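Everything on this sheet refers to the single structure shown next.
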Protein chains: 2
Amino acid sequence: MSRQIQTSALKSRVIDVALAHFSEVGIARTNVGDILKDANCSVGSLYHHFGNKEGIAEALFINGVNQFNGNLLAALLPHRTASAGIKSIVTFCCDWVTDQSQLAAYMLSREIKLSESAKQELREIDRALAQALSNWFVPHVESGTLQQLSTGMYVPLICGPTLEYSRMWLSGRSRKSPSDVSPILAKAAWQAVKEP
Amino acid sequence: MSRQIQTSALKSRVIDVALAHFSEVGIARTNVGDILKDANCSVGSLYHHFGNKEGIAEALFINGVNQFNGNLLAALLPHRTASAGIKSIVTFCCDWVTDQSQLAAYMLSREIKLSESAKQELREIDRALAQALSNWFVPHVESGTLQQLSTGMYVPLICGPTLEYSRMWLSGRSRKSPSDVSPILAKAAWQAVKEP
DNA sequence: GGCACGATTAGAACATAATTCTAGTATTTG
DNA sequence: CAAATACTAGAATTATGTTCTAATCGTGCC
């Protein structure tokens, strides 16, 4: 088998196993020995690829962000009306949290203090997403369908209730899944940013 | 000095020092040795009072929740109109995050997987708060000033945007403090739950 | 007042688990 | 085919969280 494929298989095996352990007992209490065993990986390989335990946690997190962002854009960009677009964002978030609940729980409960290099990488990813989102939003603001707000306000107003509800559901404090209540959340998001 | 006072002084010294360290490098990377040194505490005392490192993190968290909840109720309960009450909740959250930013950052970035006993304790605290809030809300729902929603939706709709904005600010992704933008957030919260 | 009990403090000793290091193996590349 | 590079392996080391035993100090009781 080619090195590249073998290696990336190992890495994703480690990441998968790590998510399972982190979810069950938290990062602090999972020991790398167990990850090693379950992922069929040697100490040397693990530290070669990830640096340390935090490195695994960071790779898992960044992986998740990339997956989320890509799918979010794929869900949003096809929509031409502001209303449909905003609602698609909320619906996508709800569905993503609902069916990737383990990954979502990991990502929303930031159990990690990211290293500088990871922060750097995330800033880059964030910038790219912000750019793409901005391209979609600007026309709707200019045409007067969406309120003009300072850029930092859109995400909290649109996604805040959804993310907060998701956290509640993920921690067992509410019964109905985000997908179940997405219509209410989508409507609220639209109300929050549409031009009255 | 009486034992009780001495002891509670030690505990709060440990908690303060711990917050400083946790905030700077995260829980995983602070070592209890440093806390011991900075708080003038012996190994024995620390483990007697907190059990282990997680115990410190939990005590800090629960402390914060109690402080937050108490002040929140004090801010809300005096208000008689639905509009003023809802807005006071948001404003209080914004102000609290803004001036207790270190504690807020710690609490919003749940770096810990809580132990069962801590979860239990928090459920109790939560229940008490939910009860108090419910007493305030119900009349306004019955009189038709607030929308009738399933109980789990009020918190996300009212506080979601505020908490999300707070996270952004705390992680350096936005310039203006929550207090600076609280009018916008308060208005949005009111829009989200008022009967149209 | 003195005595005994429990709560608290102390820090040396221990154990666990993360990480480093040295050596060896396979793949790619020139 | 040679040399460099990327990767794997696991024993050895270190770091650090935690336990344990002994001492100390208030507090309440005879």
Side-chain angles (χ1 to χ4, degrees), chain A residues 1-61 106 111-118, chain B residues 1-61 106 111-118:
Chain A
M1 207 191 315
S2 104
R3 174 87 55 113
Q4 279 189 15
I5 292 172
Q6 195 173 230
T7 287
S8 77
L10 176 64
K11 281 171 116 172
S12 75
R13 221 160 60 231
V14 168
I15 284 180
D16 288 351
V17 167
L19 175 58
H21 285 254
F22 291 167
S23 296
E24 199 179 334
V25 296
I27 296 174
R29 286 210 278 248
T30 85
N31 40 347
V32 317
D34 289 347
I35 293 175
L36 258 25
K37 185 161 51 66
D38 293 358
N40 256 103
C41 177
S42 72
V43 190
S45 295
L46 187 118
Y47 281 85
H48 176 76
H49 291 300
F50 297 97
N52 55 26
K53 185 159 90 166
E54 276 180 33
I56 307 171
E58 288 178 357
L60 177 54
F61 189 82
Y106 174 74
E111 257 191 272
I112 8 158
K113 198 100 186 174
L114 297 154
S115 72
E116 272 315 312
S117 70
Chain B
M1 203 191 319
S2 105
R3 177 85 56 113
Q4 279 187 17
I5 291 172
Q6 194 173 232
T7 286
S8 76
L10 177 65
K11 281 171 118 172
S12 75
R13 222 160 58 232
V14 168
I15 283 180
D16 288 350
V17 167
L19 175 58
H21 285 254
F22 292 167
S23 296
E24 199 180 334
V25 297
I27 297 174
R29 285 210 278 249
T30 84
N31 40 347
V32 316
D34 290 347
I35 293 175
L36 257 26
K37 185 163 51 64
D38 294 358
N40 257 102
C41 176
S42 72
V43 191
S45 295
L46 187 118
Y47 281 86
H48 176 75
H49 291 301
F50 297 98
N52 55 26
K53 185 159 92 167
E54 276 180 32
I56 307 171
E58 288 178 356
L60 177 54
F61 189 83
Y106 174 74
E111 257 192 271
I112 9 158
K113 199 102 187 173
L114 298 154
S115 72
E116 272 315 311
S117 70

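Quick note on labels: first sequence line is chain A, next is B, and so on, each numbered from 1. Just so it is clear, the model here is predicted, and its values are computed rather than measured.
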Listed pairs, N/O of protein and of nucleotides 12-14 of chain D, under 3.5 Å:
none

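A/Leu46 has its side chain within reach of A/Ile56: a pair of non-hydrogen atoms, C-beta onward, lies under 4.5 Å apart. At a threshold of 4.5 Å between non-hydrogen side-chain atoms, the residues B/Leu36 and B/Ser42 do not count as touching. Contact check for B/Phe50 versus B/Ile15: side-chain heavy atoms found under the 4.5 Å cut-off. Side chains of A/Asp38 and A/His21 form a contact here, defined as non-hydrogen atoms less than 4.5 Å apart. B/Arg29 places none of its side-chain heavy atoms less than 4.5 Å from the side chain of B/Glu24. By the 4.5 Å heavy-atom criterion applied to side chains, B/Leu114 and B/Glu58 are counted as neighbours.
Considering only residues two or more places apart in sequence or on other chains, B/Arg13 meets the salt bridge (charged side-chain N to carboxylate O under 4.0 Å, His left out) condition with none of them. B/Lys113 meets the side-chain contact (heavy atoms from CB on, under 4.5 Å) test with A/Glu111; sequence neighbours excluded.
Summarising the geometry of A/Val32 relative to A/Lys53, their closest heavy-atom pair is CG1-CD, 3.7 Å, with the distance given to 0.1 Å. Nearest approach of A/Tyr47 to A/Asn52, heavy atoms of both residues: CE2-CA, 3.7 Å.
Going from atom OH of A/Tyr47 over to atom C1' of C/dC21 covers 13 Å, rounded to whole Å. Per the geometry, CG belonging to A/Leu46 stands 10 Å off P belonging to C/dA18, to the nearest Å. If you take NZ of A/Lys11 and P of D/dT8, they are 10 Å apart, rounded to a whole angstrom.
Out of C/dT9, C/dT19, D/dG17, the shortest distance to the side chain of B/Ser45 is found at C/dT9.
One distance of note links CD1 of B/Ile27 with CG of B/Leu60; it measures 8.0 Å at 0.5 Å rounding. Between the CD1 atom of A/Ile35 and the CG atom of A/Asn40 there is a distance of 13.5 Å, given to the nearest 0.5 Å.
Rounded to 10 degrees, the angle separating the terminal helix axes of the helix from C/dG1-D/dC30 to C/dG30-D/dC1, each built from five base pairs, is 20°.
Listed by residue number, the members of residues 48-58 of chain A with any heavy atom below 4.0 angstrom from DNA chain C are A/Asn52, A/Lys53. The stretch residues 18-44 of chain B touches DNA chain C through B/Ser42, B/Val43, B/Gly44, each having a heavy atom under 4.0 angstrom from the strand.
Ring geometry for A/Tyr106 against A/Phe22 counts as parallel: the plane angle stays under 30°, on a 0 to 90° scale with 60° as the upper cut.
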